[in-house]
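In what follows, a structure is listed as structure tokens, so that the remarks can point back to it.
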Amino acid sequence: MKLDPKAKTLLTAIAAAARPAIETIPLDLAREQVEEGYSSMNIPVKQVGSVENKYFVGSGGEIPIRIYSPSGKGPFPVIVFFHGGGWVFFRLDAYDPICSHLCVSSGCIVVSVDYRRSPEFKFPAANNDCYEAVKWAYDHCNEWDGNSGSLILAGDSAGGNLAAVVALRIRDEGGPDIKGQVLIYPVTDYCQPEKQSYVEFADGYGLSRNDMNWFWDQYLENKEDSMNPLVAPLLAPDLSGLPPAYVIVSGHDPLRDEGILYAERLKDAGVSVNLSVYEEMIHGFLSYLGIFNQATDAIGKIADWIKSIIV
């Protein structure tokens with residue numbers, strides 16, 4: 001399917017800006033370029049019942065979180081959300097649009113986790129922070145009218161990777177019951193340049209093959225870690241016993257194939273899976289609410305799926 005015209009316009013504008021590739025500039029400038037560039041787009045934020053900033057203390061120290069609560073009377077289901085950005089970019093503010101829209105559409109409390117970022121804190125720092133955040137949310141959500149019996153994991157891109165591996169850790173190491181996992185164009189495998197989607201969309205579609213190589217270099221201390229299923233969940237030998245999954249992938253995205261493969265492996269392992277492929281979209285399209293109609297559609301579908309699994 002052809003690239004959506006609005007996506008093509010966005011990519012043309014990005015190319016015209018002629019910004020240096022992130023791997024060619026210092027980390028602080030790369031963060032400034034990516035984060036300020038996104039902030040300047042003024043993506044709309046939904047009005048929610050309340051927003052509260054908190055911290056929890058984990059093995060890595062104080063980890064900031066932001067809690068979005070819907071209007072009305074609970075107890076509400078709780079989505080623990082892990083943001084994208086290649087484990088390197090973005091803070092909580094950048095995800096106000098997605099988290100607030102999820103909160104309103106799903107009727108869930110959304111707990112957004114500001115895990116430690118790479119390269120200052122390499123694997124397994126973010127992994128540990130997210131695992132501990134879910135256990136903390138379970139222990140404390142009754143304090144903000146949350147239902148500890150209705151926990152959902154969610155994340156996009158690198159955050160989708162974290163959601164997937166936290167689900168694995170809870171299955172294997174213990175933790176609260178998880179009702180579902182929402183994996184939005186997730187990273188599920190170490191960079192595999194021979195995959196068809198890596199070949200087709202190596203450059204010119206927002207996220208590039210070089211970007212992914214750079215992100216992995218920031219995230220991992222050594223290449224041997226790339227074979228760890230808690231880094232690349234597609235490599236996990238057994239995916240049975242995991243919570244139901246809703247997987248979203250973009251058709252014009254280097255990560256397309258590994259997202260679809262992960263959904264297929266989950267299904268083969270007996271996990272209930274819903275897969276939505278937005279063929280005309282690029283990586284990161286949910287971050288462009290108010291620009292891409294498909295972003296609003298995806299939020300609605302996620303909300304409907306969550307409502308269907310909460311009993």
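Quantities reported herein were computed from a predicted structural model and do not represent experimental measurements. Atoms considered below: every heavy atom in the structure, side chains included; atoms not considered: hydrogens, waters and symmetry mates.
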Please check if any side-chain donor atom of Ser69 sits under 3.5 Å from a side-chain acceptor atom of Glu52, or the reverse. no
Rounded to the nearest 0.5 Å, what separates atom OG in Ser105 from atom CD1 in Ile306? 9.5 Å
Working to the nearest 0.5 angstrom, can you tell me the gap between Leu239 CG and Glu264 CD? 12.5 Å
Single-linkage hydrophobic cluster Val271~Leu153, side-chain heavy atoms < 4.5 angstrom: yes
Verdict with supporting geometry, Asp177 and Lys179, salt bridge (Lys or Arg N to Asp or Glu O under 4.0 Å): CA-CA 6 Å; Asp177 180 51; Lys179 293 295 185 184; 3.7 Å; yes
Any donor-acceptor pair under 3.5 Å linking the side chain of Tyr68 with the backbone of His101? no
Without placing hydrogens or testing angles, list every side-chain donor-acceptor pair under 3.5 Å for residues 8-15, not counting sequence neighbours.
unit_1	atom_1	unit_2	atom_2	d
Thr9	OG1	Pro5	O	3.0
Thr12	OG1	Lys8	O	2.8

Quick one: sort the His252 and Phe201 rings into parallel, tilted or perpendicular, breaks at 30° and 60°. tilted
Any donor and acceptor pair, going by atom type alone, linking the side chain of Gln33 with main-chain N or O of Pro20 inside 3.5 Å? yes
Give a yes or no on whether a salt bridge exists between Glu35 and Arg117, defined as a side-chain N under 4.0 angstrom from a carboxylate O. yes
Connected via hydrophobic side-chain network under 4.5 Å: Val104 and Val45: no
Group every Ile, Leu, Val, Met, Phe, Trp and Tyr by side-chain heavy-atom contacts under 4.5 Å, then state whether Ile309 and Tyr246 land in the same group. yes
Donor-acceptor under 3.5 Å (Lys122 side chain, Asp217 main chain): yes
Do Ser250 and Tyr205 have a side chain donor and acceptor closer than 3.5 Å? no
Paired with His283, the ring-ring contact (aromatic ring centres under 6.0 Å, His included) test is passed by just one of Tyr288, Tyr185, Tyr198, namely Tyr185
Side chain to side chain contact (heavy atoms under 4.5 Å, CB included) with Asp156: of Phe82, Phe285, Phe81, only one passes, and it is Phe81
Tyr131 vs Lys135 side-chain heavy atoms within contact, under 4.5 Å: yes
Keeping the roles fixed (side chain from Gln218, backbone from Pro119), state whether a donor-acceptor pair exists under 3.5 Å. no
For residues 166-175, please give each side-chain donor-acceptor pair under 3.5 Å, one per line with the distance, not counting sequence neighbours.
unit_1	atom_1	unit_2	atom_2	d
Arg169	NE	Glu173	OE1	3.4
Arg169	NE	Glu173	OE2	3.1
Arg169	NH1	Asn127	OD1	2.6
Arg169	NH1	Asn128	OD1	2.8
Arg169	NH2	Glu173	OE1	3.2
Arg171	NH1	Asp238	O	2.8
Arg171	NH1	Ser240	O	2.7
Arg171	NH2	Asp238	O	3.1

Please tell me whether Leu242 and Ile310 are part of a single hydrophobic cluster in this structure, the criterion being side-chain heavy atoms less than 4.5 Å apart. yes
Just how far is it from atom CG of Leu255 to atom OG1 of Thr188, taken to the nearest 0.5 Å? 8.0 Å
Mind checking the OG-CZ spacing from Ser59 to Arg116? Nearest 0.5 Å is all I need. 5.5 Å
Of Arg66, Lys54, Arg91, the one forming a salt bridge (Lys or Arg N to Asp or Glu O under 4.0 Å) with Asp114 is Arg91
Where does the angle between the aromatic ring planes of Phe90 and Tyr95 fall among parallel (under 30°), tilted (30 to 60°) and perpendicular (over 60°)? perpendicular
Looking at Glu120 and Arg31, is any side-chain nitrogen of the basic one under 4.0 Å from a carboxylate oxygen of the acidic one? yes
Might you confirm whether atom CD of Gln47 has over 12 heavy atoms from other residues, nucleotides or ligands at distances under 6.0 Å? no
Without swapping roles, check the side chain of Asp203 against the backbone of Ser208 for a donor-acceptor pair under 3.5 Å. no
Backbone of Asp257 reached by a side-chain donor or acceptor of Ser197 within 3.5 Å: yes
Please table the atom pairs, donor to acceptor, closer than 3.5 Å between any side-chain atom in residues 295-302 and protein atoms at least two apart or in another chain.
unit_1	atom_1	unit_2	atom_2	d
Asp297	OD2	Tyr278	OH	2.6
Asp297	OD2	Lys301	NZ	3.3

How far does CD1 of Ile152 sit from CD1 of Ile109, to the nearest 0.5 angstrom? 10.5 Å
With ring-ring contact (aromatic ring centres under 6.0 Å, His included) as the test, pick out the partner of Trp87 among Tyr115, Trp214, Trp216. Trp216
Donor-acceptor pair, distance only, cut-off 3.5 Å: does the side chain of Ser157 make one with the backbone of Gly159? no
Between Met41 and Ile98, is there shared hydrophobic-cluster membership here, with clusters defined by ILVMFWY side-chain heavy atoms closer than 4.5 Å? yes
Contact between Tyr219 and Asp225 at the side-chain level, heavy atoms closer than 4.5 Å - yes or no? no
Exam field: side chain Ser39 to backbone Glu36, donor-acceptor pair closer than 3.5 Å: no
Arg256 with Glu200: basic N within carboxylate O range, under 4.0 Å: yes
Short question: side chain of Asp253, backbone of Ile282 - any donor-acceptor pair under 3.5 Å? no
Side-chain H-bond candidate by donor/acceptor type, Ser112 with His83, under 3.5 Å: no
For the aromatic rings, using the six-membered ring if either is Trp, is the centroid distance between Phe215 and Phe89 under 6.0 Å? yes
Would you say OH of Tyr138 has more than 12 non-hydrogen atoms from neighbouring residues, nucleotides or ligands within 6.0 angstrom? no
Less than 4.0 angstrom from a charged side-chain N to a carboxylate O is my criterion; do Asp189 and Lys195 meet it? yes
Separation between CD1 (Ile79) and OG (Ser150), nearest 0.5 Å, reads 11.0 Å
